[in-house]
Trainee: 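I have a structure here, written as structure tokens, and I will follow up with some questions on it.
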Protein chains: 2
Amino acid sequence: MEKISDFTVRRLSSYYRILSDLEQKKVLTISSAKLAEFGGITSAQVRKDLSYFGNFGTRGLGYNVSELKNEITRILGLNQTWGMALFGAGSLGNALFFHQGFRDDGFFFRYLFDVDLGKIGTKWGNLEILAVDKAKEVLKRDPVDIGVITTPKEAAQDIVDLAVEVGIKGILNFAPRELVVPEGVSLRNVNLAVALESLSFSLSI
Amino acid sequence: MEKISDFTVRRLSSYYRILSDLEQKKVLTISSAKLAEFGGITSAQVRKDLSYFGNFGTRGLGYNVSELKNEITRILGLNQTWGMALFGAGSLGNALFFHQGFRDDGFFFRYLFDVDLGKIGTKWGNLEILAVDKAKEVLKRDPVDIGVITTPKEAAQDIVDLAVEVGIKGILNFAPRELVVPEGVSLRNVNLAVALESLSFSLSI
DNA sequence: TAGATTGTTAATCGATTAACAATC
DNA sequence: TAGATTGTTAATCGATTAACAATC
């Protein structure tokens with residue numbers, strides 16, 4: 001398969017959300033022009049993105065909303081569940097843990113780890129926070145797919161190394177630090193400071 | 001001035017963090033090659049990004065860490081403070097509110113708004129959560145620079161319209177919904193679902 | 001059928017990188 | 001001075017868009 005850019009993947013996520021909305025509103029078909037309008041892009045972009053994966057439309061009519069949503073669900077791997085481990089049980093981790101939208105999409109936290117003795121042994125919902133020292137043993141016995149890092153930046157690389165060692169193949173990092181992962185492991189960074197600083201830049205000029 | 005791409009601005013944020021680290025470690029000078037290595041990019045990219053704003057280096061020697069950090073601080077508008085209003089006092093908003101890093105960078109929450117009667121009147125730190133009905137009046141009297149949206153997606157566009165009406169020029173949106181802002185208002189979206197779905201895609205292929 | 005809209009190619013646009021003269 | 005490294009130009013790469021034949 002042709003190499004798919006992250007730009008395309010992020011737009012697929014956007015289409016997925018738009019189609020979910022439309023499906024709920026009982027809209028049956030949609031043109032690339034309409035979909036583009038909702039996503040704030042061009043219709044050529046929509047058709048190009050979809051064309052990497054197949055011919056989902058009907059000339060003259062457009063796309064069937066439910067069908068296209070199902071195709072994108074499959075493409076994005078959202079037709080299955082993903083097990084996650086959270087490293088760093090702080091307030092950001094807490095917000096992510098209780099975020100219903102992730103569960104709806106099939107992303108479940110299965111383990112919570114922290115270094116804070118005051119937190120270890122306490123529960124979020126009915127999931128206990130474990131000592132990060134136990135993580136290697138626990139995750140080797142019972143692997144997860146994705147590691148979510150909400151530790152302070154100083155700890156982040158060590159956690160990545162641990163995650164890689166226990167076979168985690170996807171990492172979502174919130175720590176504001178450049179991280180190194182080996183070939184075959186996917187890393188996505190969410191840096192809230194960058195978003196604010198980019199706003200600050202726009203407001204300054 | 002030449003149009004600066006958001007790619008460049010985001011990398012400036014990255015340089016800013018790297019230089020802050022280096023300054024703390026008492027490193028005095030750095031070459032574009034080293035800076036690039038830390039940021040995971042090429043040295044040409046670093047020099048190109050900086051060249052939009054001036055000549056900050058010395059041929060043969062590289063860049064003075066503190067000097068370059070100060071220049072970038074100024075470019076990004078981080079040599080001043082920014083007042084923010086939070087719309088949606090949920091767990092994500094709470095995590096942002098108590099995040100020390102934003103304060104260090106000069107971003108301060110000055111108002112908290114919610115619709116939930118159970119939350120209105122309670123305090124985070126010593127800042128009271130106000131009814132969103134009061135927002136227009138309050139923010140017209142005492143404007144802020146940035147609106148941070150952590151409401152459910154259904155409410156997000158109304159909040160944007162309110163924010164625009166009271167003169168807010170920068171919006172940081174966490175609601176997973178495409179928002180419309182008029183010319184002259186900057187909008188940055190942080191969509192956590194997109195990040196997870198992009199990981200899911202990578203893990204699926 | 002006539003009108004609408006896809007899927008795809010080729011053109012365009014913009015971002016990244018290689019290369020090197022300038023110069024510390 | 002000789003070696004190192006910047007600032008900048010030109011080449012390359014890759015993403016977006018315009019255009020249109022195919023076809024429902």
Trainee: Which pair of heavy atoms, one from B/Ser202 and one from A/Ser186, lies closest together, and at what distance?
Mentor: CB-OG, 3.2 Å
Trainee: Tell me the interatomic distance from A/Ile4, atom CD1, to D/dT16, atom P, rounded to whole angstroms.
Mentor: 12 Å
Trainee: In whole angstroms, how far is the P atom of D/dA11 from the CD atom of B/Gln45?
Mentor: 19 Å
Trainee: Would you tell me if any nitrogen or oxygen in the side chain of B/Ser32 comes within less than 4.0 Å of OP1 or OP2 on D/dT6?
Mentor: yes
Trainee: Nearest 0.5 Å, what's the CZ-CG distance between A/Arg177 and A/Asn189?
Mentor: 12.0 Å
Trainee: Suppose we define a pair by two distances each less than 3.5 Å, Watson-Crick or G-U wobble; what does D/dG3 pair with here?
Mentor: C/dC24
Trainee: Given C/dG7, D/dA15, C/dT17, which nucleotide is nearest the side-chain atoms of B/Lys48?
Mentor: C/dT17
Trainee: In whole Å, I'd like the distance from the CG atom of A/Asp49 to the C1' atom of D/dG14.
Mentor: 14 Å
Trainee: Expressed as a whole number of angstroms, how long is the span from B/Leu50:CG to D/dT8:P?
Mentor: 11 Å
Trainee: Below 4.0 angstrom from OP1 or OP2 of C/dA4, is there any side-chain N or O of A/Tyr63?
Mentor: no
Trainee: Rounded to the Å, how far apart are A/Leu35 CG and C/dT5 C1'?
Mentor: 13 Å
Trainee: Rounded to whole angstroms, how far apart are CZ on B/Phe53 and P on D/dT6?
Mentor: 18 Å
Trainee: Considering all heavy atoms of both residues, which atom of A/Tyr15 and which atom of A/Ile72 are nearest to each other, and what is their separation?
Mentor: CB-CD1, 3.7 Å
Trainee: Minimum heavy-atom separation for B/Ala89 to B/Asp114, with atom names?
Mentor: N-OD2, 2.6 Å
Trainee: For A/Ser5, which contact category applies under a 4.0 Å heavy-atom criterion: base, sugar-phosphate, or nothing?
Mentor: sugar-phosphate
Trainee: Given C/dA15, D/dG7, C/dT6, identify the nucleotide with an atom nearest to the side chain of B/Phe7.
Mentor: C/dA15
Trainee: Please state whether the phosphate of C/dT16, meaning OP1 or OP2, lies under 4.0 angstrom from any side-chain nitrogen or oxygen of B/Arg11.
Mentor: yes
Trainee: Checking contacts here: which listed nucleotide (C/dC24, D/dT5, C/dG7) is nearest the side-chain heavy atoms of A/Arg47?
Mentor: C/dG7
Trainee: OP1 or OP2 of C/dG7 sitting under 4.0 Å from any side-chain N/O of A/Ser51?
Mentor: no
Trainee: Return the nucleotide paired to C/dT17: Watson-Crick means purine N1 to pyrimidine N3 with N6-O4 or O6-N4, wobble means G-U with N1-O2 and O6-N3, both under 3.5 Å.
Mentor: D/dA10
Trainee: Please report the distance, rounded to the nearest Å, between CG in B/Asn55 and C1' in C/dC24.
Mentor: 13 Å
Trainee: State, to 0.1 Å, how close B/Arg11 and B/Asp49 come at their nearest heavy-atom pair, and which atoms those are.
Mentor: NE-OD2, 2.6 Å
Trainee: Assess whether one donor atom and one acceptor atom, taken from the side chain of A/Arg59 and the base of C/dT6, lie less than 3.5 Å apart.
Mentor: yes
Trainee: Between D/dT6, C/dA18, C/dT6, which nucleotide has the shortest distance from any of its atoms to the side chain of B/Ala44?
Mentor: C/dA18
Trainee: Whole angstrom is fine here: how far is it from CD in A/Glu37 over to C1' in C/dT5?
Mentor: 16 Å
Trainee: Looking at B/Thr42, does any N or O in its side chain come under 4.0 Å of the phosphate oxygens OP1/OP2 on C/dT17?
Mentor: yes
Trainee: Test the B/Arg47-B/Phe56 pair against the cation-pi criterion, namely NZ or CZ under 6.0 angstrom from the six-membered ring centroid and within 45° of the ring axis.
Mentor: no
